[in-house]
Amino acid sequence: MLIAYPKRSFTVASAANLGVPVVGKIINFGGIVIPDTIRQMRYFNQAIIQRINENHPIVIFPEAHVWPYYTKIRPFTDTSFHYPVQNNVPSFCMTTTYQKRKHGNKPKITVYVDGPFLPDETLAKKARQKKLCADIYDCMVDRTKNNTYEYIKYQRQ
């Protein structure tokens, strides 16, 4: 949220992420929660477009749930890229990496911001979303190579 300072950022996220420590408080501060019903979707879309027209950054967590200290990028769908394609605005990605500290257990955190990624105007709308999604996903996966420490090990059960 501070990266865009002095502009106010608005975060789009699932209601499930509101309970995550630290992240939940940030989302509540400038959050636009994904609606539960189709009826609410119209107002949600209006809010997003209004914020884009006001030149406010919109931060989208494409994962359904945030996993603290996870060192890989989980696959996400191209639906997160509907708004940048629809409004022909640039996208940026933020990738968090973790490194071992000399003292203490908590990792050092480095956040990389990459972009701008622009929608490819030569493609159809759905293809633009897929390409933008793939470009950003590939960039984020590449940044995860900078992880040197796994503070929490997530295992499938």
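Computed from a predicted model, the values in this text were never measured in an experiment. Numbering starts at 1 and runs along the sequence shown.
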Side chain to side chain contact (heavy atoms under 4.5 Å, CB included) with K130: which of D78, T77, V85?
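For K130, the side chain to side chain contact (heavy atoms under 4.5 Å, CB included) check succeeds only for D78.
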Out of the candidates V89, I58, N45, only one should pair with Y83 under the side chain to side chain contact (heavy atoms under 4.5 Å, CB included) rule; please name it.
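Checked V89, I58, N45 against Y83; only one passes side chain to side chain contact (heavy atoms under 4.5 Å, CB included): N45.
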What heavy-atom pair brings [X] and [Y] nearest, and what distance separates the two atoms?
| X | Y | result |
| --- | --- | --- |
| P119 | P84 | CG-O, 3.7 Å |
| R74 | Y70 | CG-CE2, 3.6 Å |
| L123 | R128 | O-NE, 3.2 Å |

Please round to the nearest 0.5 Å and tell me the distance separating atom [atom1] of [X] and atom [atom2] of [Y].
| X | Y | atom1 | atom2 | result |
| --- | --- | --- | --- | --- |
| N53 | Q46 | CG | CD | 11.5 Å |
| N88 | L118 | CG | CG | 7.5 Å |
| T79 | H82 | OG1 | NE2 | 10.0 Å |
| I73 | D138 | CD1 | CG | 11.0 Å |
| I48 | I52 | CD1 | CD1 | 6.5 Å |
| I38 | Q40 | CD1 | CD | 10.0 Å |

So, E54 versus Q50: side-chain donor-acceptor pair below 3.5 Å or not?
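Short answer, yes.
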Group every Ile, Leu, Val, Met, Phe, Trp and Tyr by side-chain heavy-atom contacts under 4.5 Å, then state whether [X] and [Y] land in the same group.
| X | Y | value |
| --- | --- | --- |
| V113 | I109 | yes |
| V141 | F81 | yes |
| I34 | F10 | yes |
| V59 | W67 | yes |

Name all pairs fulfilling the ring-ring contact (aromatic ring centres under 6.0 Å, His included) condition that reach into residues 121-152, sequence neighbours left out, sorted by first residue then second.
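Checked against ring-ring contact (aromatic ring centres under 6.0 Å, His included) - neighbours excluded - the pairs reaching residues 121-152 are Y69-Y151, F76-Y137.
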Taking the side chain as C-beta and beyond, is there a heavy-atom pair between F92 and P116 under 4.5 Å?
yes
side-chain hydrogen bond (donor to acceptor under 3.5 Å, both in side chains) partners of residues 96-108, not counting sequence neighbours, each pair once:
T97-Q99, Q99-T110
Results of ring-ring contact (aromatic ring centres under 6.0 Å, His included) for F117 - residues two or more places apart only
none
Using side-chain contact (heavy atoms from CB on, under 4.5 Å), reason through V12 and F44 one step at a time and then give a plain yes or no.
CA-CA 10 Å; V12 175; F44 174 80; 3.7 Å; yes
How would you list, by chain and number, every residue that makes a side-chain hydrogen bond (donor to acceptor under 3.5 Å, both in side chains) with [X], sequence neighbours excluded?
| X | value |
| --- | --- |
| D114 | R143 |
| K153 | none |
| D135 | K131 |

Run the side-chain contact (heavy atoms from CB on, under 4.5 Å) check on T144 and K72 step by step: do they pass?
CA-CA 6 Å; T144 62; K72 295 178 179 66; 5.5 Å; no
